[in-house]
Amino acid sequence: MTPRKVPRIRGNDYRGLVLPESGAWTPSLRVSVVVPAYGSQDKLDLALAGLAGQTYPAGLTEVVVVDNGSEPPLRLPALRPENTRLVVCPTPGRAHARNAGLREAGGDVIHWLDSDVVLDRHSVEAHMRWHHAAPYLSVTGYIRFSPAPRPTPEEVAAAGDLAALFEPAEPHAWLVDLIESTGGLTDRPGRAFSLHVGGATSVSAALLDRAGPMDTDLILGQDTEMGYRLAQAGAVFVPEPRARAFHLGPTMRMRDKAPVDRVSHAFVADRIPTYRWLRSHPARQWKVPYVEVVVEPPGTGEAGLSYDDVRATVDAVLAGTVPDVAVTIEGPWDRVRDEGRAPLTNPDLDLVLIRGHYAHEPRVRTAPASWGAVPYRLRLPAGWVPEEDALAGLIDLAEEGEYGLVAVLLAEDGGPPREPGGGIVAARLERTAAFARAEVVRAEGEDLDDAVEDVFGTLWTDGETCGFTSEARPPTGRRSAYRARAEAEKQARQAERLRAKVAEWREEAGRWRKSAVELRREVGSLRKELAASRKVVQYSLLTSVKRAIRRR
């Protein structure tokens, strides 16, 4: 049988997916609704009553309620979906409870549901229509927060429209604003993962398997952090207004937003590199780097790694303007042996030097290891040296164009700086999310880069423009950089003083010009007065002379 072709979504623009018509289709995917709960039996009863009346087939639905150490223990009420079971997770914390439910779940789709959220009867079906259209989605419903008196479970199960029981209610304002300001999350795909809120969100089980379970080390912010990892695993995030739900009362975040943000940001900053505003420190390191630079052996021959080439590349990367960077040096490290008697004749001497030189640099690893859900990965042949801002510039290119791959042509003779050969040499900045998505959608035998081009796009540029060179340069030391910055600031202050002095001189010159104009006016007036006086004197003299003549 020919496998069904997986639809390809560009970025986060899910609008091209074709959905089956609600109420007139035959679903096939199984859904596991995972409900972590701690106390509040009355709220759990209402949540399960809402699930009991869902339009999605009961035979394809299971509900896993996780009692997170409640005292007295929780129980399953009579009014509940037929395939509901209760498991106990004594370790406190919603992340532990969710993971316990995830381990028990057998569905193709996992639907997170908080125990104080009541779903509209069409909500699960609205979610599952999307999951039948593509296998790498995370779908979130619209939650409204209701202060209304709580109805009975029987009233919830019998209600055709929950609005009659729970309205008036407040919308999830932050979520609605995010959706509306991004064209339904299609305009700025880099922010889409923030939609993953655990109150009423469904996720492909295969996608969750790639992303991993909830982070139990987090105090708050687990939903957002998982959303970020889902994004790196290739997820597309979909808001579904038909999947309506009502939260019984306000959330903790609505009551205490500032304290919640304070606690959440302290932890997610270490794990979500794309939250750049939380990483304002100019030098410190984080659990998940913003970019991993993979230093590869030059070419495909047997020349191997040169200590000098590797050091030139790695040192330039570590001295760049992207502080939260990690480096992985690829090489045949399993064969390396130290030669104590004649180290200079060791055939693996360069590998020994590389490993020894960076043995105590925590940002550099030689053994294969995961740096976590890194959003970008730069593959760079050893011996090519990025300028100080080159890596940041490449990431800017990828961000501005939302590209999945930015390829940098370094040389066309196929060789690293000191080993010419055939073909071309290129650096590659890979967006992790794009390559993960491409792995899901590509056809058998299709080149992965072609699939990346379809789902995110590719840009080719050249090394000279982007600041890559084959000439090793000593990195600028921090003190040198500080002195250069201090000197530049000193010159800037001097220039500012000169500008102020020039402005003062101009103002004084203006006053002089004004005084000169006034002086010319006064001189003109005096000249006029003098001319008038002369006329008077002349007239007086003439009159006096005439009178004198008459007397004679």
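Just so it is clear, the model here is predicted, and its values are computed rather than measured.
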Between [X] and [Y], which heavy-atom pair has the shortest distance, and what is it?
X	Y	result
P289	P273	O-CG, 3.4 Å
Y14	G184	OH-O, 2.6 Å
A52	P81	N-CG, 3.9 Å
A438	V455	N-CG2, 4.4 Å

Spacing of CG belonging to L230 relative to NE2 belonging to H196, to within rounding of 0.5 Å: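 Reported value, rounded in 0.5 Å steps: 5.0 Å.
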CG/L405 to CD/E430 distance, rounded to the nearest 0.5 angstrom?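 Here the interatomic distance stands at 6.5 Å.
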Please tell me whether Q54 and T61 have a donor and an acceptor in their side chains that are separated by less than 3.5 angstrom.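 Per modelled atom types, Q54 and T61 side chains form no pair under 3.5 Å.
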Apply the test salt bridge (charged side-chain N to carboxylate O under 4.0 Å, His left out) to residues R94 and D223: give CA-CA distance (whole Å), side-chain angles for both, the deciding distance (0.1 Å), then the verdict. CA-CA 10 Å; R94 189 171 65 160; D223 292 333; 2.9 Å; yes
Does a salt bridge link [X] with [Y], judged by any charged N lying under 4.0 Å from a carboxylate O?
X	Y	answer
E104	R85	yes
D114	K43	no
D324	R276	yes
R150	D116	no
D454	R10	no
R30	E62	no
R377	E296	no
D449	R428	yes
E225	R229	yes

Please set out all donor-acceptor pairs under 3.5 angstrom arising from side-chain atoms of residues 156-168, sequence neighbours excluded.
from, atom 1, to, atom 2, distance (Å)
D161, OD1, A163, N, 3.0
D161, OD1, R244, NH2, 2.7
E167, OE1, R144, NH2, 3.4
E167, OE1, A169, N, 2.7
E167, OE2, R144, NE, 2.7

With a 4.5 Å limit on heavy-atom distance, are the side chains of L17 and W130 in contact?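 Yes; the side chains approach each other to less than 4.5 Å.
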NZ or CZ of R365 within 45° of W333 ring axis and under 6.0 Å: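 Judged by the rule, R365 and W333 form no cation-pi pair.
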W286 six-ring centre to R284 NZ/CZ under 6.0 Å and within 45° of normal: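 Geometry flag: set, cation within 6.0 Å and 45°.
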E21 atom CD: more than 12 heavy-atom contacts under 6.0 Å: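 It does not: E21 CD has 12 such atoms or fewer within range.
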What residue among V364, T366, I329 forms side chain to side chain contact (heavy atoms under 4.5 Å, CB included) with R355?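 With R355 as partner, side chain to side chain contact (heavy atoms under 4.5 Å, CB included) holds for just one option, T366.
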Against P239, only a single residue in V139, L195, L178 fulfils side chain to side chain contact (heavy atoms under 4.5 Å, CB included); can you say which?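 Answer to the side chain to side chain contact (heavy atoms under 4.5 Å, CB included) test with P239 among V139, L195, L178: L195.
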Could you label the plane-to-plane angle of the H127 and H111 rings as parallel, tilted or perpendicular, counting under 30° as parallel and over 60° as perpendicular?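 Tilted, since the angle between the ring planes falls between 30° and 60°.
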Give me the ring orientation class for Y56 and W25: parallel if the planes are under 30° apart, tilted from 30 to 60°, perpendicular past 60°.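 Y56 vs W25 ring planes: tilted.
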One pair to check against side-chain hydrogen bond (donor to acceptor under 3.5 Å, both in side chains): H247 and S146. What are the steps and the verdict? CA-CA 6 Å; H247 190 283; S146 175; over 6 Å; no
With a 6.0 Å cut-off on the ring centroids, do F145 and H172 count as close?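 Here the rings of H172 and F145 have centres that are less than 6.0 Å from each other.
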Under 6.0 Å between the ring centres of F237 and Y136?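 No, they do not, as the ring centres are separated by 6.0 Å or more.
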I'd like to know if the side chain of S32 and the backbone of A105 have a donor-acceptor N/O pair within less than 3.5 Å.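 Between the backbone of A105 and the side chain of S32 there is no qualifying donor-acceptor contact (under 3.5 Å).
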Quick one, Y142 with S123, criterion side-chain hydrogen bond (donor to acceptor under 3.5 Å, both in side chains). Give me CA distance, side-chain angles, the key distance, then yes/no. CA-CA 10 Å; Y142 280 58; S123 182; over 6 Å; no
